[in-house]
Colleague: 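Structure incoming, see below.
Numbers here are sequence positions counted from 1. Since the structure is predicted, the reported quantities are computational estimates derived from the model, not experimental observations.
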Amino acid sequence: MRIDFPRPTPLLVGVLCGMAVPSIAYGRAVLAIPLLLAVLILALLPERRAYWRAMIERARSPIGVLFLVTLVLWLPSMFFSPLPLRSFEAWARIPVFVGLMTLLWALLSRDRAALTLALKALIVTSAVSVVYALSALTFLPEILSFVRMLGWTATPYYGFRPPDLFKVFASVGMLLVPVLVWAGRHLGGRWQGLAAAIAVGFLAIIWLTYNRSAMAGLFAMLFVGGVLIMVMRRNVAVNVAISIGFIAVTVVLLVWLHTTRGYIEAPAGTVAVLPPWLIDYQRQTIWSHAIDIAMRSPWFGNGINVINLLPGADALMPRNTLNVIPSHPHSWLVEVFAETGVFGALALLTLVVASCLKLAGDYLKNGDTALFAALLVNVGYWSSGLLNVSFWSAWWQISYLLLTALCLAGLRPAVKS
């Protein structure tokens, strides 16, 4: 019996790219499966040399040079790390991830059919994942146990809480919202309504998981997106409506936070510069201790991805089961400062600001909605990451890079530089 395997084509790479990010609903490792297959297929394509040339060309751009400078300025932290191999591994992943996502961008931007399939796969996979997540979060927790191979039961173990298990998916869902809306508009027809419905589903998942860092990312997207629309439209009525809408959302969020968390008080020995109902005292205490650790080696840092393993990080927080530094500091800026020092943190901050300004400037000049979606992904990623998620988390970096690549691959030919 002869088995014929699918011939490697750009179309297959597109489908796998679209499936990757929404698949994280079934576990972080699941994200890697379609992505690895896509990369392997890409390596077999006859056009792969053109993709490599496009990647090298991007590396020579101003943003590419800033990225390479940032990588170089992170290297001295290796000499201060108690676990240099662990630090080097976290450092080395980033250029690999960026390089692979750039190769996928080069393929999708050159093959519009592959991009179309990628966006359709993104919408369909997101729809399936959202239905699965909403079912588990509302009326059918058994399905989550079943998918995780724990049997068909609502409580497979003590402390089983679906909202906690879907927080990662909610964080990624925050990044998917602008991409889905743009993808639906790009594809047109019934895809627009389906994509909009899925985006609403992601908003419900963020609410049901009580993912406040994802809410902060959405809030930042709303602000930046609203400002850009106001600048583009220059219509008094539109600008007033957007301003009123933003103020209303701000007031509602603040009232909700104060109503649901106003009882929280910071115990003695913890830090609460900001009201604990706005940002919990645990997070503020973690940041304070992380900055104290950063000042032991302020210029070049203490080593990448090791802050929770440094002396003093395992001390218990007063009246809490958390360490003063748990698995990570819950802020990419604090984490990068503590681990790569002033030079490393400033280099990354410069890269982030420059990238966002370029996307915003290009959008204002060309009006391409792909740039608008890519900018909102960046705004959501970097603003949400100020409050949660380790900067070195592979799933978080890959989700951000791949979604940005999908958006930029959809630029109109006249806009591409």
Colleague: Please check this pair: side chain of Asp368 against backbone of Arg412, looking for a donor-acceptor N/O pair closer than 3.5 Å.
Modeller: yes
Colleague: Among all residues two or more places apart in sequence or in another chain, which pass the side-chain contact (heavy atoms from CB on, under 4.5 Å) test with Val273?
Modeller: Val271, Gln284
Colleague: When the ring centroid of Trp382 is compared with that of Trp396, is the distance short of 6.0 Å?
Modeller: no
Colleague: Would you call the rings of Phe372 and Tyr363 parallel, tilted or perpendicular, taking 30° and 60° as the class edges?
Modeller: tilted
Colleague: Can you list the residues that meet the ring-ring contact (aromatic ring centres under 6.0 Å, His included) rule with Phe337, with sequence neighbours excluded?
Modeller: none
Colleague: So, Asn308 side chain and Ile325 main chain: donor-acceptor pair closer than 3.5 Å or not?
Modeller: no
Colleague: Restricting to ring-ring contact (aromatic ring centres under 6.0 Å, His included), what partner residues turn up for Tyr157, sequence neighbours left out?
Modeller: Phe160
Colleague: I need the single residue from Tyr381, Trp105, Phe97 that forms a side chain to side chain contact (heavy atoms under 4.5 Å, CB included) with Leu401. Which is it?
Modeller: Phe97
Colleague: Who pairs with Phe80 by ring-ring contact (aromatic ring centres under 6.0 Å, His included), at least two apart in sequence or on another chain?
Modeller: none
Colleague: Do Leu31 and Ser399 have side chains that approach each other closer than 4.5 Å (heavy atoms only, starting at C-beta)?
Modeller: yes
Colleague: Can you tell me if CZ on Arg148 sees more than 12 non-hydrogen neighbours from other groups inside 6.0 Å?
Modeller: yes
Colleague: Kindly state whether the ring of Trp256 and the ring of Trp207 have centres lying under 6.0 angstrom apart.
Modeller: yes
Colleague: Start with the C-alpha gap between Phe219 and Phe246, add the side-chain angles, then the distance that decides, and say whether ring pair (Phe, Tyr, Trp, His ring centres under 6.0 Å) holds.
Modeller: CA-CA 9 Å; Phe219 183 77; Phe246 180 76; 5.0 Å; yes
Colleague: Please confirm whether the ring centroid of Phe169 lies under 6.0 Å from the ring centroid of Tyr26.
Modeller: no
Colleague: What residues, two or more places apart in sequence or in another chain, satisfy salt bridge (Lys or Arg N to Asp or Glu O under 4.0 Å) together with Arg161?
Modeller: Asp164
Colleague: Is the closest side-chain heavy-atom distance between Ile24 and Val30 below 4.5 Å?
Modeller: no
Colleague: With sequence neighbours left out, write down each residue that passes ring-ring contact (aromatic ring centres under 6.0 Å, His included) with Trp299, or none if nothing qualifies.
Modeller: Phe343
Colleague: Flag the pair Ile33 / Ser23 as yes when at least one side-chain heavy-atom distance between them is below 4.5 Å, and no otherwise.
Modeller: no
